[in-house]
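Ligands are counted one by one from 1 in listed order, and the atoms in each one are counted from 1 as well.
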Amino acid sequence: MEKMIWEKLKIELKTILDERELNTWFSQIKYIGEDNNELYLKVPDENFLNTFKKNYLDLIYNTLKKLSLVNYNLNFIIASKTKETKNNIIKKPRLSNIKTNINEKYTFDNFVVGPGNQFAYAISVGAAKNSHDYNPIYIYGDVGLGKTHLLNAIANYIHKHDKDKLVFYKTSKDFLDEMVYYLQNKKFSLFKEKYRKIDVLIIDDIQLISTWEETKKQLFFIFNEKYEQGKQIIISSDCPPKDIKNLEERLRSRFEWGIIAQIEPPNLETRIAILMQKAKEKNIELDKNIAEYIASKIKKNVRTLEGALIRVYALASIKGVPITINFVKEAIKDYIDYDKDKISPEIIKNFISEKYNIKPYELSSKNNSKKISFPRQIAMYLLKRVLNMPVSKIGKEFGDKHHTTVIHSINKIEKMMKDDPVFEDEILSYIKRFKDE
Ligand code: ADP
Ligand code: MG
């Protein structure tokens with residue numbers, strides 16, 4: 001029974017590491033025992049341990065997490081010293097298994113500050129430096145605007161500068177998983193104890209909090225306890241507290257006790273700076289003009305911006321071609337954000353003809369081959385759905401087609417969407433580009 005955790009761990013690691021690695025490292029580690037969630041392992045010497053820790057510790061804690069064994073700690077005993085004293089047990093601090101939830105990649109240093117995120121940034125830095133000006137801190141904004149980045153930056157900063165502090169970063173989904181784990185294993189008092197010790201509690205994506213009452217009850221309880229202990233609480237969401245669904249009033253109002261900071265989409269200058277920063281991190285040589293072009297086209301989501309950059313470079317290196325504006329234009333066409341209040345029939349028609357590889361004028365031609373008529377029908381449908389244009393006007397947009405032709409086209413696309421969910425998804429994704437629904 002005892003050895004199980006270690007064996008389980010090794011079996012799981014076999015799926016990740018190759019044979020050689022396993023033999024070199026793991027065969028030299030001896031399982032000694034287990035006590036109260038502490039695993040004791042013997043290693044040959046200090047050098048071995050240092051290298052091992054550097055290379056595998058995070059992997060091990062992540063694997064434990066994957067196996068739902070989040071509350072285990074590893075303790076290493078150095079073989080060459082075991083005879084001398086017990087104190088040679090190198091104990092990884094309790095928070096080590098918590099730390100692995102945190103993404104070390106995200107720091108304040110690599111977060112680009114601009115008007116849209118300045119406030120959230122300043123408050124986050126304050127919290128990281130223990131200013132205790134506001135509690136709780138509630139940061140919200142659309143997806144891909146850097147909430148998770150900021151939250152992790154806080155955790156990383158505290159971890160680095162204030163080692164004694166227990167920082168806990170969880171998504172609301174992790175929170176649920178963890179709770180369930182402790183409940184199933186009948187160790188709920190440990191769960192409570194664990195949270196009682198935390199100095200800084202960070203919960204990401206609170207809007208995804210489970211509908212299960214018990215989760216909300218526990219969160220409420222923990223929130224109150226932390227608040228009364230004067231411990232910092234930081235929460236993120238994609239919307240303000242009042243718009244979170246299935247959250248009871250008492251929890252919602254508590255989120256409003258401290259400060260609420262919204263992150264807004266970055267302006268052009270910030271987007272360029274972010275691109276330059278990401279390029280630097282990825283060792284990509286990025287021309288300022290190219291950065292400016294990409295940043296002028298992608299406006300709403302930093303993750304998409306980053307994705308576009310990677311795509312451009314990956315494509316260019318696969319094809320072995322230089323990165324010109326024209327090349328970029330082609331490479332990122334699927335990422336482009338349209339200004340939704342400036343959508344015209346032209347924009348939609350150009351989009352569709354590009355998608356279906358035909359010339360825009362062909363949409364208005366008399367050519368009724370399937371290659372042309374099908375995209376034409378989709379474009380007609382979009383003019384209706386997105387711009388709510390009358391059918392007679394839509395007909396005029398396509399070389400004076402009769403309004404009954406337009407109605408027929410719209411009906412046809414509607415029916416196809418009903419019959420084919422994949423096609424429906426495709427069309428809905430077009431609509432989403434042009435219209436907030
Ligand atoms: P959210 O949690 O708000 O959905 P993330 O924090 O996951 O967004 O950000 C998405 C990606 O964009 C991450 O790679 C993050 O590093 C990057 N990012 C967002 N804002 C910034 C910024 N101001 N500076 C640098 N990177 C950013
Ligand atoms: Mg996030």
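Side-chain contact check for N156 and T107: no donor-acceptor pair (N or O, by modelled atom type) lies under 3.5 Å. N130 and H161 share no side-chain donor-acceptor pair at under 3.5 Å. For the residue pair N135 and Y227, no side-chain donor N or O sits within less than 3.5 Å of a side-chain acceptor on the partner.
Protein heavy atom nearest atom 27 (C) of ligand 1, with residue, atom name and distance: V302 CG1, 3.7 Å. Here the heavy atom of the protein found nearest to atom 26 (N) of ligand 1 is K278 NZ, 3.1 Å. Here the heavy atom of the protein found nearest to atom 11 (C) of ligand 1 is E306 OE1, 3.6 Å. Among protein heavy atoms, atom 24 (N) of ligand 1 sits closest to V112 N, 2.8 Å. Looking from atom 21 (C) of ligand 1 to the surrounding protein, the closest heavy atom is F111 CE1, 3.8 Å.
Below 4.0 Å from some heavy atom of V143 lie the following atoms of ligand 1, by number and element: 4 (O). Applying the 4.0 Å criterion to heavy atoms of N117 picks out, from ligand 1, the atoms 23 (N). Per-residue contacts place R303 under 4.0 angstrom from the following atoms of ligand 1 (heavy atoms of the residue considered): 4 (O), 5 (P), 7 (O), 8 (O), 10 (C), 12 (O).
At least one heavy atom of N110 lies less than 4.0 angstrom from ligand 1.
Between F168 and F175, a ring centre-to-centre spacing not shorter than 6.0 Å is recorded. Ring centers of Y195 and F223: at least 6.0 Å apart, outside the cut-off. F188 has its ring centre less than 6.0 Å from the ring centre of F191.
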Problem set entry | Test log, rule salt bridge (Lys or Arg N to Asp or Glu O under 4.0 Å), inputs K216 and E213 | CA-CA 5 Å; K216 289 187 268 183; E213 285 309 318; 3.6 Å; yes
Problem set entry | Test log, rule side-chain contact (heavy atoms from CB on, under 4.5 Å), inputs Y138 and I234 | CA-CA 6 Å; Y138 186 101; I234 302 148; over 6 Å; no
For this session: Dump the intermediate steps for side chain to side chain donor-acceptor pair (under 3.5 Å) on S172 and D205, then the final yes or no.
Result: CA-CA 6 Å; S172 49; D205 286 327; over 6 Å; no
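Below 3.5 Å of separation, one finds an N or O of G146 facing an N or O of ligand 1. Ligand 1 has a nitrogen or oxygen under 3.5 angstrom from a nitrogen or oxygen of L145. Looking at G144 next to ligand 1, an N or O pair under 3.5 Å apart turns up. Not one N or O of V113 is nearer than 3.5 Å to an N or O of ligand 1, by distance alone.
Heavy atoms of Q277 found under 4.0 angstrom from ligand 1: none, in either backbone or side chain. Both the backbone and the side chain of T148 come within contact range of ligand 1, each with a heavy atom under 4.0 Å.
Distances from atom 16 (O) of ligand 1 to the heavy atoms of Q118, K105, H149, K147 show the closest one on H149.
At least one N/O/S atom of T148, from backbone or side chain, sits under 2.8 Å from the Mg ion (ligand 2).
Test K187, K170, K173, K192 against E178 for salt bridge (charged side-chain N to carboxylate O under 4.0 Å, His left out) and you get one pass: K170.
Sparse packing is recorded around CD of E269, with 12 or fewer heavy atoms of other residues, nucleotides or ligands lying under 6.0 Å away.
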